[in-house]
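One structure is given here, and the rest of the page talks about it.
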Amino acid sequence: MEISDVFLRNEGYVWREIDGEAILMSPYGDQIHALNDVGTFIWKLMNGYNSIGDITDQLCEEYEVIKEQALSDLLRFLERLLDIKAIRTS
Amino acid sequence: MHNFFLNIGRWSVQIQSCCPCSTTLLTVPGIYPDPDLSIEIVYPDSPKTSVSNFFKDNGLTKGMLLRDSHGIRRIVLWSDIEGWYDDPTNFELSMLRAFYTLAQDSLYRSIIIHSCAILRDGFAYMFLGPSGSGKTTVASLSLNQGILLHDELIILDDESHGLSVQGTPFHTTMPVEIHRSAPLRAAFFLKHGGSLNFQPMKHTDVFMQMMKQIVPPESFDLSGFLMDYNQINTIMDINTRLANTIPFYAMEFSPDSDFWKGIESLA
């Protein structure tokens with residue numbers, strides 16, 4: 001993945017936000033995933049406009065973490081979302 | 001041709017079969033003209049397919065959904081098993097399919113939930129949990145304290161004025177009043193315990209636990225039996241409203257506890 005890559009939520013994934021946490025249901029309804037508040041924050045930024053770099057900057061500002069940590073955690077999270085096909089490159 | 005009639009929630013369903021149906025499987029309240037949905041079962045000598053899937057494993061080789069000029073829908077099911085109705089599972093599969101067909105196309109948004117429901121003082125209370133958690137015990141203990149809508153499967157309706165609960169015609173040995181409905185007041189996830197205890201549940205925990213209790217819709221397309229996008233959206237919407245607006249508790253109880261007094265004290 002590159003810092004300039006932009007991801008988009010997979011339209012087939014239906015999601016709702018409950019008390020600040022996003023709950024995702026896969027297409028066909030065979031899997032359900034709950035994201036914590038940080039995961040939800042990232043998920044909502046994946047609208048096809050924010051690059052990995054943009055999201056990293058926003059994470060640093062929102063959660064007061066250093067850039068390297070934010071980027072590392074973000075990349076790991078994106079890998080997980082790609083595994084379950086919840087996101088795709090824009 | 002044998003005709004059977006029953007209600008699934010607010011809809012009337014007619015079943016036509018060339019084989020007699022065991023009446024222990026059916027709630028037959030009377031004869032209804034102009035049913036909302038008609039189901040016809042066609043028995044052996046019908047075309048067989050080589051598709052292997054859940055429906056074929058239960059003896060259904062093909063399914064079709066039809067509309068007539070009056071808007072009444074008809075479902076035709078072909079079975080390669082004689083006396084298909086003798087197995088309660090097959091009959092209930094058909095009922096499940098019928099319900100979701102009606103619910104999807106009507107103005108009402110509804111889902112089926114694996115839950116016991118009691119109507120008391122004009123309100124419905126749901127009691128949920130896996131098999132063995134105590135739903136039947138709660139139902140038995142509540143028979144002289146309220147009205148049992150069903151001890152296993154209920155319909156949750158998402159209407160403009162709120163969420164309401166009604167019974168289903170699925171097989172049960174308990175005395176149920178399936179045609180009654182009431183606004184939902186509270187819900188309880190059951191756990192066996194020593195003393196009566198109620199713990200309020202977080203909305204997100206409610207949402208996740210409820211997803212395990214929602215009975216998914218059955219498809220008529222025998223090439224696949226997974227939910228479509230609209231069905232998933234409906235389920236997620238109703239579950240969100242449920243988690244955000246209805247108080248849920250983890251309820252620990254023992255069979256000798258007067259849990260209704262405890263529930264009243266929560267109000």
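What you see is a predicted model; the values in this text were computed from it and never measured. In what follows, every chain begins at residue 1, and chains take the letters A, B, ... in the order their sequences are listed.
- Looking only at atom types and distance, the side chain of A:Asp73 has a donor-acceptor partner in the side chain of A:Gln69 under 3.5 Å away.
- Contact annotation for B:Met236: both backbone and side-chain heavy atoms come within less than 4.5 Å of a heavy atom of chain A.
- A centroid separation of 6.0 Å or more is found between the aromatic rings of B:Phe127 and B:Phe189.
- A centroid separation of 6.0 Å or more is found between the aromatic rings of B:Phe198 and B:Phe259.
- Listed options B:Thr204, B:Asn239, B:Val206 were ranked by heavy-atom pairs under 4.5 angstrom with chain A; first place goes to B:Thr204.
- Residue contact with chain A, scored on non-hydrogen atoms closer than 4.5 Å, involves the side chain of B:Asn244 exclusively.
- Contacts between B:Asp237 and chain A at a heavy-atom distance below 4.5 Å involve backbone atoms as well as side-chain atoms.
- For the residue pair B:Asp157/B:Gln166, the side-chain donor-acceptor check at 3.5 Å is satisfied.
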